[in-house]
Amino acid sequence: MSRWAFIVGAQRSSTTYLYHVLSKSSHICMATPLQPEPKFFLKDDLYERGLDYYLKTYYQHPDADLLVEKSTSYMESIVSARRIHQNFPAAKIIFILRNPIERVISHYKFSCFHGLETLSIAKALEKEEERINRYDHQAVSVSPFAYRQRGKYAEYIESYLTIFPREQTKILVQEHFINNSDAIADLCTFLEIPFSEAMVLDEKFNASDDIDYDLSPEMEAALYAFYAPYNKILSKLIEELDLSHWQK
């Protein structure tokens, strides 16, 4: 009988890299397609079709040792968390986090690249609160304008920990995980699968590096101040995480 794991976020924090790492294991069947993500437990019309539909639609080898779905919108959805738990109470939940300021920049560049953002980064951050819910809900599952909000990682993780036991969750830090055989081997231990050197990838995925932006020193300082209390909560919540490199 297969086991389950879900990569739930955070967006723009190398979740696609993590997907490709796990896809190198012969013990894992990753949900496909990679893009667009399944979001089965987020979308009511899909969820109502049932688990048989879910298995047949997204998994080519549903009898694999471990079935893994990546849908980063799940991180912001307590409904998705409850639905996953209701169907797979023993599922393992994986978060991968990134310096939230770097995540803001990557998010902004991604929104520009896909034609969702036309403002400068300064204006986009200034108008975030008034625009955060003003987007095409049919085109995207979560707001493309939640630049700062999406970096409040502690709030989302705390919500998941009200549903899933701590021992079923794994929190990775992008800067410590990329191309790090020890970190990848540790994740394999958590997922109870053998580690393989083939899983250590030195590649970039889903980047938007060719988008220009202008983040002034004042704006950067304001972002560090904005995230300081949230990062402090996260450090206390997950004591083994070393987030010292997120401090200015």
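It should be emphasised that the depicted structure is a prediction, and the values quoted were computed from it without experimental measurement. Starting from 1, each residue takes its place in the sequence as its number. All values below come from the heavy atoms of this structure, side chains included, with hydrogens, waters and symmetry mates left out.
Both F145 and M219 are part of a single hydrophobic cluster, where members link through side-chain heavy atoms under 4.5 Å apart. Under a hydrophobic-cluster definition in which Ile, Leu, Val, Met, Phe, Trp and Tyr are linked whenever side-chain heavy atoms come within less than 4.5 Å, directly or via other members, M75 and V173 are assigned to the same cluster. Linking Ile, Leu, Val, Met, Phe, Trp and Tyr residues whenever their side-chain heavy atoms come within less than 4.5 Å places Y108 and V140 in a single cluster. Placement of L223 and Y153 in two distinct hydrophobic clusters is found when ILVMFWY residues are connected by side-chain heavy-atom separations under 4.5 Å, directly or transitively. Hydrophobic clustering, with ILVMFWY side chains joined whenever heavy atoms are under 4.5 angstrom apart, groups I96 together with L22.
Taking the six-membered ring where tryptophan is involved, the planes of F177 and Y17 are perpendicular, since the angle between them exceeds 60° and thus also 30°. Using cut-offs of 30° and 60° for the angle between ring planes, the F164 and Y160 rings count as parallel.
With hydrogens and angles ignored, the 3.5 Å screen pairs a side-chain donor or acceptor of S2 with a backbone N or O of A64. A donor-acceptor pair is defined here as one N or O able to donate and one able to accept, closer than 3.5 Å; such a pair exists between the side chain of T169 and the backbone of R166. Of the possible donor and acceptor atoms, one in the side chain of Q168 sits under 3.5 Å from a partner among the backbone N and O of P89. A donor-acceptor pair is defined here as one N or O able to donate and one able to accept, closer than 3.5 Å; such a pair exists between the side chain of E175 and the backbone of N99. The backbone N or O of E102 lies less than 3.5 Å from no partner atom in the side chain of S106, so there is not a single donor-acceptor pair. Between the T162 side chain and the S159 main chain, a donor and an acceptor come within less than 3.5 Å of each other.
No side-chain heavy atom of I93 sits under 4.5 Å from any side-chain heavy atom of I163. Between L66 and H27 the shortest side-chain heavy-atom distance does not fall below 4.5 Å. A heavy-atom distance below 4.5 Å is found between the side chains of F226 and K152. When side chains are defined from C-beta on, L191 counts as touching I94, because their heavy atoms get closer than 4.5 Å. Q149 has its side chain within reach of I132: a pair of non-hydrogen atoms, C-beta onward, lies under 4.5 Å apart. A 4.5 Å side-chain heavy-atom check between Y74 and Y156 finds every atom pair outside the cut-off. In this structure the side chain of R98 never reaches within 4.5 angstrom of the side chain of S14, judged on heavy atoms. Using a 4.5 Å heavy-atom cutoff, the side chains of F195 and D182 are not in contact.
Here L18 contributes atom CG and I7 contributes atom CD1; the two are 4.0 Å apart, rounded to the nearest 0.5 Å. The structure places OG1 of T32 at 5.5 Å from OH of Y19, a figure rounded to the nearest 0.5 Å. We find the CG-CG distance between D202 and N179 to be 4.5 Å, quoted to the nearest 0.5 Å. Note: R3 CZ to E192 CD = 5.0 Å, rounded to the nearest 0.5 Å. Going from atom CD1 of I193 over to atom CD1 of I28 covers 3.5 Å, rounded to the nearest 0.5 Å. One finds the CE atom of M30 at 12.0 Å from the NZ atom of K24 (value rounded to the nearest 0.5 Å).
In this structure, a donor-acceptor pair under 3.5 Å is present between the side chains of S141 and S73. Donor-acceptor pairing under 3.5 Å is recorded for the side chains of E117 and Y147. No hydrogens or angles considered: a donor-acceptor pair under 3.5 Å links the side chains of Y59 and Y54. Side-chain contact of R83 with S80: a donor-acceptor pair under 3.5 Å is absent, judged by distance alone.
In this structure, K170 places its NZ atom where more than 12 heavy-atom neighbours from other residues, nucleotides or ligands lie under 6.0 Å away. Heavy-atom contacts from other residues, nucleotides or ligands closer than 6.0 Å to CG of D45 number more than 12. Shown here is F205, whose CZ atom has more than 12 heavy atoms of other residues, nucleotides or ligands within 6.0 Å. By the 6.0 Å contact criterion, OH on Y213 is open, its count of non-hydrogen atoms from other residues, nucleotides or ligands being 12 or less. Annotation: H61, atom NE2; neighbour count of heavy atoms from other residues, nucleotides and ligands within 6.0 Å does not exceed 12. A 6.0 Å sphere centred on CD of Q35 holds more than 12 heavy atoms belonging to other residues, nucleotides or ligands.
In summary, the aromatic rings of F41 and F6 are positioned with their centroids under 6.0 Å apart.
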Open item on the list: H245 vs H176, test: side chain to side chain contact (heavy atoms under 4.5 Å, CB included). Steps then yes/no.
Closed with: CA-CA 10 Å; H245 58 296; H176 297 161; 3.5 Å; yes
- [ ] Go through the steps to decide whether L237 and I171 satisfy the test side chain to side chain contact (heavy atoms under 4.5 Å, CB included), and finish with yes or no.
- [x] CA-CA 11 Å; L237 184 67; I171 299 161; over 6 Å; no
TODO: Apply the test side chain to side chain contact (heavy atoms under 4.5 Å, CB included) to residues R103 and Q11: give CA-CA distance (whole Å), side-chain angles for both, the deciding distance (0.1 Å), then the verdict.
DONE: CA-CA 8 Å; R103 200 216 67 81; Q11 286 189 3; 4.3 Å; yes
Task: Steps toward side chain to side chain contact (heavy atoms under 4.5 Å, CB included) verdict (L119, R131) - done: CA-CA 12 Å; L119 301 180; R131 293 199 304 161; 3.6 Å; yes
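Annotation for R148 and L125: closest pair NH2-O, 2.8 Å, computed over non-hydrogen atoms. Closest non-hydrogen pair, N231 versus L243, comes out as O-CD1, 4.1 Å. Y230 approaches A154 most closely through the heavy-atom pair O-CB, 3.9 Å. Between E37 and S71, the shortest heavy-atom distance links the atoms OE1-CA, 3.4 Å. For V21 against L201, the heavy-atom pair with the smallest separation is N-CD1, 3.8 Å. Y47 and N87 make their closest contact through OH-ND2, 2.9 Å (heavy atoms, listed as atom of the first residue, atom of the second, distance).
For the pair R150 and E128, the salt-bridge criterion is not met [side-chain N within less than 4.0 Å of a carboxylate O].
Other members of the cluster containing I233 do not exist, because no ILVMFWY side chain is joined to it at under 4.5 Å.
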